[in-house]
Peer 1: 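First the structure, which I've put down as structure tokens, then a few questions once you've had a look.
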2 protein chains.
Amino acid sequence: MLGDRWSLLILRDMMLRGARTYNELLACPERIATNILASRLRSLVENGIIVARPDPIDRRRQTYLLTAKGIDLAPVMAELVLWAARHERTGNQGLVRQLEQDKQRMIADVRQRWAAENAARSMHEPSRR
Amino acid sequence: MLGDRWSLLILRDMMLRGARTYNELLACPERIATNILASRLRSLVENGIIVARPDPIDRRRQTYLLTAKGIDLAPVMAELVLWAARHERTGNQGLVRQLEQDKQRMIADVRQRWAAENAARSMHEPSRR
DNA sequence: CAGGATCCGTTTCGATACTG
DNA sequence: CAGTATCGAAACGGATCCTG
């Protein structure tokens with residue numbers, strides 16, 4: 001389900017860089033193609049890792065948000081980033097050292113940030129009103 | 001580098017089930033094809049995650065061993081298995097609960113088990129870490 | 001028999017062009 | 001802006017063949 005080249009990179013951009021829209025995700029340094037991004041997003045939605053919602057401010061825009069299942073991937077992502085940083089030359093040794101000491105906090109941050117946003121949009125959801 | 005469908009599954013079988021030979025890896029439940037297994041093993045070797053050595057007992061046999069870089073993936077694997085177990089039904093809830101309490105020990109076990117085996121061949125390798 | 005390599009049909013990926 | 005259509009390239013998967 002995550003066994004492809006892009007899904008984890010998309011989630012990394014959502015978690016670590018706060019990307020939420022198609023455009024922000026397209027701008028990732030690895031240059032994903034538009035059709036691939038669309039197809040990966042569809043697959044992530046189908047697998048319940050993210051959800052697509054219209055932007056509450058600009059209705060024409062879609063925002064992609066992590067679900068609880070997606071947020072639970074934060075520890076995996078943290079370990080993966082640490083591993084890659086240790087063994088590849090990714091340049092950003094700063095992030096590494098910070099993560100190293102501060103992994104728990106980073107995971108908590110992801111959790112809290114997305115939990116907050118989910119709460120914010122739950123008022124717009126028909127299911128809860 | 002790990003962005004393909006099989007590499008992580010191979011590493012899972014090596015770490016969690018102790019698979020070391022071509023045959024043991026072929027027997028994984030996901031039914032990998034022989035050519036794909038060979039090609040993934042080659043790629044893992046090229047990327048310094050595993051090494052191939054002739055079995056010290058049966059010379060016809062190859063054994064595949066984790067390198068330090070590969071062993072460092074244990075935390076990633078632990079988190080990934082935990083995540084999958086929480087959100088898919090993989091059946092083995094036993095392993096899950098055990099891992100949940102005992103993640104650090106499991107990682108240490110992987111490390112120690114493979115470190116011991118590496119020591120046996122360490123004369124041929126530039127040591128790392 | 002273990003550990004592949006080769007051939008070949010099928011599926012998926014990826015770059016570019018295009019559309020509502 | 002957020003995708004879809006197209007089409008060639010790469011990866012997968014199965015069967016078979018090769019080598020020690």
Peer 1: Who pairs with B:Trp83 by ring pair (Phe, Tyr, Trp, His ring centres under 6.0 Å), at least two apart in sequence or on another chain?
Peer 2: B:His87

Peer 1: Taking any atom closer than 4.0 angstrom to a non-hydrogen atom of chain A, what span of DNA chain D does the protein reach, first nucleotide to last?
Peer 2: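 So the contact region on DNA chain D extends D:dC1 to D:dT6.
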
Peer 1: Within this structure, what is the CD1-to-P distance between B:Ile57 and C:dA2, rounded to whole angstrom?
Peer 2: 16 Å

Peer 1: Taking salt bridge (Lys or Arg N to Asp or Glu O under 4.0 Å) as the test, write out the residues that go with A:Arg5, two or more places apart.
Peer 2: none

Peer 1: What pairs with B:Asn35 under side chain to side chain contact (heavy atoms under 4.5 Å, CB included), at least two apart in sequence or on another chain?
Peer 2: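 For B:Asn35, the residues satisfying side chain to side chain contact (heavy atoms under 4.5 Å, CB included) (neighbours in sequence not counted) are B:Ala33.
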
Peer 1: Which parts of residues 39-49 of chain A get close to DNA chain C, meaning a heavy atom less than 4.0 angstrom away?
Peer 2: A:Arg40

Peer 1: Heavy-atom count around A:Lys69 NZ within 6.0 Å, excluding the residue itself: above 12?
Peer 2: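 Yes, because the 6.0 Å sphere around NZ of A:Lys69 holds more than 12 heavy atoms from other groups.
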
Peer 1: Which salt bridge (Lys or Arg N to Asp or Glu O under 4.0 Å) pairs, counting each pair once, include a residue from residues 27-49 of chain B, with sequence neighbours left out?
Peer 2: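 Found B:Asp4-B:Arg40, B:Arg12-B:Glu30.
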
Peer 1: What one-letter contact string describes nucleotides 14-20 of chain C from 5' to 3', where B marks a base within less than 4.0 Å of any protein heavy atom, S marks contact via sugar-phosphate atoms alone, and - marks no contact?
Peer 2: BBBB---

Peer 1: Rounded to the nearest 0.5 Å, how far apart are CG of A:Leu25 and CG of A:Leu11?
Peer 2: 9.5 Å

Peer 1: With sequence neighbours excluded, tell me which residues meet side-chain hydrogen bond (donor to acceptor under 3.5 Å, both in side chains) with B:Asp58.
Peer 2: B:Arg60

Peer 1: Just jot down the side-chain hydrogen bond (donor to acceptor under 3.5 Å, both in side chains) partners of B:Gln62, sequence neighbours excluded, or say none.
Peer 2: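 Checked B:Gln62 against side-chain hydrogen bond (donor to acceptor under 3.5 Å, both in side chains); zero matches.
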
Peer 1: Run the salt-bridge test on B:Arg17 and B:Glu24 with the 4.0 Å N-O cut-off and return the result as yes or no.
Peer 2: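 So B:Arg17 does not pair with B:Glu24 through a salt bridge.
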
Peer 1: Applying side chain to side chain contact (heavy atoms under 4.5 Å, CB included), can you list everything that pairs with A:Asn47, at least two apart in sequence or on another chain?
Peer 2: A:Met1, A:Ser43, A:Ile49

Peer 1: Within this structure, what is the CZ-to-P distance between B:Arg20 and C:dA2, rounded to whole angstrom?
Peer 2: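 In whole Å, C:dA2 P and B:Arg20 CZ are 17 Å from each other.
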
